[in-house]
Amino acid sequence: MKLIFERGGEGQSCTILPKCDVPELSLETSARKKELHLPQVCENEISRHYTELAKQVYGINHGFYPLGSCTMKYNPKIDEEIAAWPEFTEIHPLQPQETVQGCLEVLNTARKYLCEITGMDDMTFQPAAGAHGEFTGLLLIKAYHQSRRDTGRTKILIPDSAHGTNPASAVMAGFQVVNIPSGQDGCVDLEKLKEAAGKDTAGLMLTNPNTVGLFDKNIQEITSIIHEAGGITYYDGANLNAVMGIARPGDMGFDVVHLNLHKTFAAPHGGGGPGSGPVGCKSFLKEFLPGLQPREEEKGLTLQAPSRSIGAVKAFYGNFLVVVKALTYLLMLGKEGIPQAAENAVLNANYMMHKLKAFYPMAYPEPCMHEFVMSAEKLKREKGVSAVDIAKALQDCGIHPPTMYFPLIVHEALMIEPTETESRETLDQAIEAFCRVWEKAQEEPEKILSSPHYSGIKRPDEVQAARKPVLRYRFLAGAEKE
Ligand SMILES: *Cc1c(COP(=O)(O)O)cnc(C)c1O
């Protein structure tokens with residue numbers, strides 16, 4: 001596809017820019033000495049350019065997108081509509097508090113609902129993403145131990161099924177990571193956990209249901225082991241789709257939780273944001289929360305810094321409009337709709353898992369939560385077709401591939417999360433596509449190995465693309481105008 005610089009030509013222009021409402025400056029009087037490389041295209045060429053770009057992208061509005069652990073679910077458009085209200089967009093963070101009472105109420109109400117859903121006592125909306133929330137939560141844990149002069153607690157225990165951001169955040173927060181192996185059943189190995197927990201344990205970071213889609217049946221014993229050792233328990237709630245409105249991290253024994261509003265609560269995920277990774281905590285940690293917190297007073301809502309705050313982790317109140325979307329979503333679904341969404345997410349995952357079992361070996365065959373993991377290890381050994389080959393072949397079927405090669409504890413992993421927003425018809429079509437690919441891999445593996453056959457980009461050199469990405473357009477020599 002041509003870049004916009006390669007379209008059009010000298011002198012082409014259009015009038016889609018709004019009227020200039022500032023004094024015009026000529027290039028001669030400005031500091032800029034070189035002419036800008038601006039594309040010169042007429043309106044219909046611009047329209048075609050962006051339509052072509054949109055066609056090259058695959059999003060939830062195009063079709064099924066079962067990217068495990070990422071919850072690529074459909075986000076109702078009403079959430080976007082409400083977040084675009086001028087009452088929410090045309091305000092300033094330094095405006096007097098009495099003039100933005102409605103916005104403070106949004107923050108306060110969303111905080112209350114999400115605290116109720118997670119079983120926490122307070123929450124900050126400052127962090128802008130999941131990993132940012134993890135980092136913030138770990139700083140709370142650190143501040144807590146330091147406040148008690150308990151300085152020997154330097155280690156964070158993390159199960160080997162964890163999302164890669166967990167150990168990265170722990171290291172960034174200045175902790176050492178201790179890897180806890182999973183047992184044969186995909187859950188935390190209790191004996192190994194007991195051996196690792198001790199006087200140097202600052203805390204544990206855990207995802208439940210974990211990244212293989214299993215709810216750890218020993219969860220309360222796990223959190224007790226950490227508490228008895230004097231550590232703090234951290235719940236990675238990036239993806240709350242399986243348990244929202246049904247089981248609360250607070251009741252499982254967790255002290256700190258982060259959520260990804262951009263996975264579970266109606267903000268689109270992917271594409272670079274904006275996101276929101278609110279962090280909730282039990283009351284013994286709330287004095288350490290970052291930023292300003294809404295407080296109810298007689299004269300209305302005010303914003304106050306917690307007494308021993310760790311400081312700001314982002315400017316002002318985080319990505320406020322993402323919170324508006326989440327609150328709209330919560331209000332639209334209500335206390336009946338939220339658990340129903342979770343139940344449907346689990347039902348859809350089990351439906352697909354059950355149907356695909358006859359073809360693909362499951363890493364953990366028992367019923368799953370919102371996602372499940374298949375393994376292409378045997379297929380690779382027998383036919384030379386690996387997880388990535390299956391993913392490429394699925395592109396030819398018009399569906400987005402599942403997550404590949406994660407979690408690391410399953411070889412040739414394909415992790416599927418259908419989400420609750422898909423109909424049975426869509427699931428059946430996807431199941432059929434997966435089965436077709438499997439059968440093709442048995443009969444004509446070479447056809448799978450050479451896929452995708454119908455997409456714009458086929459098999460890029462992924463190592464080069466990651467190590468040496470080409471992110472800049474190089475103008476042809478001579479095109480540079482002095
Ligand atoms: C997505 C995810 C994260 C990271 O969230 P970001 O917003 O991408 O930083 C962390 N943990 C789990 C389990 C996740 O699924």
Side-chain angles (χ1 to χ4, degrees), residues 60 65-73 75 114 118 124-139 156-173 177 180 182 186-188 203-216 219 233-244 249 252 254 256-280 313-314 318-319 322-323 325-326 342 345 349 368-373 402-410 413 415-419:
I60 195 70
Y65 204 142
L67 199 61
S69 197
C70 292
T71 319
M72 303 300 281
K73 65 184 187 182
N75 299 297
L114 292 172
T118 51
T124 171
F125 289 106
Q126 257 201 349
H132 196 191
E134 291 168 22
F135 180 64
T136 306
L138 287 159
L139 292 185
I156 294 284
L157 315 187
I158 304 180
D160 58 5
S161 61
H163 196 268
T165 49
N166 289 189
S169 302
V171 169
M172 264 186 74
V177 173
I180 307 294
S182 303
C187 297
V188 171
L204 164 89
M205 288 181 97
L206 192 137
T207 311
N208 189 40
N210 63 16
T211 63
V212 297
L214 300 174
F215 190 98
D216 203 308
I219 195 64
T233 46
Y234 183 99
Y235 181 94
D236 177 340
N239 185 333
L240 211 69
N241 242 32
V243 295
M244 60 179 181
M252 299 173 204
F254 286 94
V256 192
V257 173
H258 91 261
L259 302 174
N260 278 23
L261 299 188
H262 51 287
K263 276 180 186 166
T264 314
F265 295 102
H269 181 216
S276 176
V279 172
V313 296
K314 193 173 190 317
N319 286 325
V322 182
V323 184
K325 289 179 208 175
C368 63
M369 296 298 284
H370 58 299
E371 60 194 2
F372 60 95
V373 183
T403 295
M404 302 169 287
Y405 300 100
F406 178 77
L408 302 175
I409 52 175
V410 177
M415 180 198 228
I416 300 181
E417 179 181 7
T419 82

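Along the sequence shown, residues carry numbers from 1. Both counts, for ligands and for their atoms, begin at 1 and track the order of listing.
Side-chain atoms of Asn260 and Asn239 form no donor-acceptor pair, as typed in the model, at a separation below 3.5 Å. Of the N and O atoms on the side chains of Glu417 and Thr71, at least one donor lies less than 3.5 Å from an acceptor on the other residue. Between the side chains of Asn319 and Ser276, not a single donor N or O lies within less than 3.5 Å of an accepting N or O.
Residues meeting the salt bridge (Lys or Arg N to Asp or Glu O under 4.0 Å) test with Lys263, sequence neighbours left out: none.
Under the 30°/60° scheme for interplanar angles, the aromatic rings of His262 and His269 are found to be tilted. The aromatic rings of Tyr235 and Phe254 stand perpendicular to each other, their planes meeting at an angle above 60°, with 30° marking the opposite boundary.
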May I have a table of the N/O to N/O pairs between ligand 1 and the protein that fall below 3.5 Å, each row giving the two atom names and the distance to 0.1 Å?
from: ligand 1; atom 1: 5 (O); to: Asn260; atom 2: ND2; distance (Å): 3.1
from: ligand 1; atom 1: 7 (O); to: Gly130; atom 2: N; distance (Å): 2.8
from: ligand 1; atom 1: 7 (O); to: Asn260; atom 2: ND2; distance (Å): 3.2
from: ligand 1; atom 1: 7 (O); to: His262; atom 2: NE2; distance (Å): 2.7
from: ligand 1; atom 1: 9 (O); to: Gly130; atom 2: N; distance (Å): 3.3
from: ligand 1; atom 1: 9 (O); to: Ala131; atom 2: N; distance (Å): 2.8
from: ligand 1; atom 1: 11 (N); to: Asp236; atom 2: OD1; distance (Å): 3.2
from: ligand 1; atom 1: 11 (N); to: Asp236; atom 2: OD2; distance (Å): 2.6
from: ligand 1; atom 1: 15 (O); to: Ser69; atom 2: O; distance (Å): 3.0
from: ligand 1; atom 1: 15 (O); to: Ser69; atom 2: OG; distance (Å): 3.1
from: ligand 1; atom 1: 15 (O); to: Lys263; atom 2: NZ; distance (Å): 2.6

